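Treat the numbers as computed from the prediction; the structure is a model and nothing was measured. Values below: all heavy atoms of this structure, side chains included; hydrogens, waters and symmetry mates excluded.
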Amino acid sequence: MATIPLYASLIDACITTKNFTTLIQIHAQTITNGIYHRDFIRSKLVSAYASCTQMRQAALLFSFTNRQTTFLFNSLIRAYASLNLFSHSLSFFRRMLDACKPIDRHTLPSVLKSCAGLSAVRLGQQVHGILLINGLAFDLANSNALINMYAKCGNLAGARKVFDRMPARNEVSWATMMAGYGMHGKGGEVLVLFNRMVEEGSSVDAVCLTAVLSACSHGGMVEKGAEYFGMMEERFGVKPSLEHYTCMVDMLGRAGRVEEAEELVMRMEIKPDEVLWAALLGSCKIHGKVDVAERVSRNVFI
């Protein structure tokens with residue numbers, strides 16, 4: 001039937017654009033044209049609803065689909081994980097295993113993200129075993145997901161072991177390992193790793209620099225943080241974003257240098273958001289800077 005490839009392409013476009021309104025219209029047309037019952041079209045619709053974060057519709061359509069493929073399971077596992085519905089994501093993964101569906105390289109990064117979100121390190125270790133058995137342990141996306149899972153579950157040694165054994169790394173690998181050290185107060189390790197990254201000639205991106213600035217903030221390394229912030233654009237070609245400015249405001253505020261933090265905000269070309277203002281006001285409260293707080297409040301409530 002000529003309309004099947006056409007509607008498949010239209011649904012694919014909805015997946016790419018995440019256009020929920022158009023998806024509903026196309027879904028209705030597949031029913032009107034009598035092709036909705038085709039598993040190929042139904043599978044496309046499941047993936048499209050999942051990509052639009054409409055999980056109730058996606059799960060319902062999935063239950064009506066006769067051919068529940070690895071691709072479909074992956075779509076739902078990934079969509080639930082992206083919405084931080086980690087238990088639902090793992091539930092679909094268990095259903096996938098019960099149905100004896102083969103996993104592929106796209107299955108387990110989202111499963112590991114869900115393990116990290118639930119601090120389910122034992123399950124994460126079992127997933128690590130599945131990766132080893134299936135020859136996927138050195139796949140870049142899976143290795144990065146393992147680092148994240150171990151780090152968020154508090155097993156920094158496990159995360160570092162995965163990191164050190166990787167045959168190739170990208171910016172995500174470095175940033176994830178640095179963020180892991182940072183979240184557990186290992187600021188010194190973050191800087192050592194960052195310096196190694198630079199020495200090895202790896203590309204430094206905005207996420208890596210966020211991890212460095214955050215570590216400097218939580219570790220009280222103000223001068224070092226200011227040094228890295230100052231070289232962001234000139235040395236690494238990364239224009240500071242709102243997130244980087246927020247790290248700096250938090251860093252200066254923690255150190256009691258509230259006026260410097262205020263001055264930095266006033267010089268920003270980017271419009272501050274609620275998180276940045278909250279960081280600045282929080283430091284005013286901690287250090288008793290009433291005058292700064294009054295000036296900040298006037299800016300917030302303009």
Side-chain angles (χ1 to χ4, degrees), residues 1 4-5 7-12 14-16 18 20 23-24 26-27 30-31 34-150 152-153 162:
M1 185 180 291
I4 291 179
Y7 279 106
S9 297
L10 290 172
I11 296 168
D12 282 339
C14 291
I15 293 173
T16 302
K18 304 186 188 305
F20 178 51
L23 174 61
I24 293 174
I26 294 170
H27 187 176
T30 64
I31 296 172
I35 60 171
Y36 163 72
H37 65 284
R38 300 294 185 95
D39 264 351
F40 178 67
I41 291 295
R42 195 170 283 173
S43 296
K44 290 277 188 185
L45 286 168
V46 171
S47 182
Y49 277 111
S51 73
C52 293
T53 69
Q54 302 299 314
M55 299 312 301
R56 183 176 297 178
Q57 293 94 322
L60 182 62
L61 282 173
F62 178 85
S63 67
F64 292 145
T65 305
N66 296 319
R67 190 165 171 266
Q68 296 174 340
T69 62
T70 294
F71 172 80
L72 273 190
F73 275 105
N74 286 352
S75 297
L76 288 166
I77 291 167
R78 181 173 57 251
Y80 278 121
S82 71
L83 294 170
N84 295 336
L85 297 171
F86 302 126
S87 295
H88 288 78
S89 179
L90 293 179
S91 175
F92 264 91
F93 177 57
R94 292 189 182 95
R95 286 175 62 177
M96 182 179 182
L97 295 179
D98 290 341
C100 298
K101 299 297 179 182
I103 66 165
D104 62 21
R105 60 185 294 269
H106 303 292
T107 305
L108 297 179
S110 298
V111 174
L112 288 166
K113 178 182 178 181
S114 297
C115 291
L118 297 172
S119 297
V121 68
R122 188 167 298 178
L123 179 57
Q125 289 170 328
Q126 292 172 344
V127 174
H128 192 172
I130 294 172
L131 283 168
L132 290 167
I133 292 168
N134 286 273
L136 296 169
F138 294 118
D139 173 77
L140 192 56
N142 282 294
S143 293
N144 290 341
L146 279 170
I147 295 169
N148 180 63
M149 183 276 295
Y150 279 121
K152 286 188 175 177
C153 291
V162 173

Quick one: does any side-chain atom of [X] pair with a main-chain N or O of [Y] as donor and acceptor, under 3.5 Å?
X    : Y    : value
T107 : D104 : yes
R42  : F64  : yes
S143 : A137 : yes
S89  : I77  : yes
N142 : R105 : yes
Q68  : F73  : no
S47  : S75  : no

I need the minimum non-hydrogen distance between [X] and [Y], along with the two atoms involved.
X    : Y    : result
S43  : L72  : O-CD2, 3.3 Å
F86  : A81  : CE2-O, 3.6 Å
A145 : L112 : CB-CD1, 3.7 Å
S119 : K152 : OG-O, 4.3 Å
M149 : C115 : CG-CB, 3.9 Å
A48  : L23  : CB-CD1, 3.6 Å

Pairwise distance [atom1]([X]) to [atom2]([Y]) - rounded to 0.5 angstrom:
X    : Y    : atom1 : atom2 : result
L45  : F40  : CG    : CZ    : 10.5 Å
N84  : L118 : CG    : CG    : 10.0 Å
L76  : F93  : CG    : CZ    : 14.0 Å
L136 : I130 : CG    : CD1   : 10.5 Å
Q126 : L123 : CD    : CG    : 5.5 Å
L10  : I26  : CG    : CD1   : 4.5 Å

> Among side-chain atoms of S9 and D12, is any donor-acceptor pair under 3.5 angstrom?
Replying inline: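 No, no side-chain donor-acceptor contact under 3.5 Å.
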> Can D39 and R67 be counted as an ion pair, charged N to O under 4.0 angstrom?
Replying inline: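 Salt bridge: no.
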> Who are the ring pair (Phe, Tyr, Trp, His ring centres under 6.0 Å) partners of Y150, not counting sequence neighbours?
Replying inline: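 Expected list: H128.
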> Run the ring-ring contact (aromatic ring centres under 6.0 Å, His included) check on H106 and F71 step by step: do they pass?
Replying inline: CA-CA 9 Å; H106 303 292; F71 172 80; 9.1 Å; no
>> Would you call the rings of Y80 and H88 parallel, tilted or perpendicular, taking 30° and 60° as the class edges?
In response: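 The rings of Y80 and H88 lie parallel, inter-plane angle below 30°.
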>> Assess the residue pair R38 and Y7 against the criterion (side-chain contact (heavy atoms from CB on, under 4.5 Å)); give the C-alpha distance rounded to whole Å, side-chain angles, the decisive distance to 0.1 Å, and a yes or no.
In response: CA-CA 12 Å; R38 300 294 185 95; Y7 279 106; over 6 Å; no
> Under 4.5 Å between any side-chain heavy atoms of H27 and I11, yes or no?
Replying inline: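 No, every pair of side-chain atoms sits at 4.5 Å or beyond.
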> Quick one: which of L146, N134, L131 gives a side-chain contact (heavy atoms from CB on, under 4.5 Å) with L108?
Replying inline: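 Among L146, N134, L131, the one that satisfies the side-chain contact (heavy atoms from CB on, under 4.5 Å) with L108 is L131.
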>> Could you walk me through whether L90 and V111 satisfy the side-chain contact (heavy atoms from CB on, under 4.5 Å) test, starting with their C-alpha distance in whole Å, then the side-chain angles of each, then the deciding distance to 0.1 Å, before giving a yes or no?
In response: CA-CA 6 Å; L90 293 179; V111 174; 3.8 Å; yes
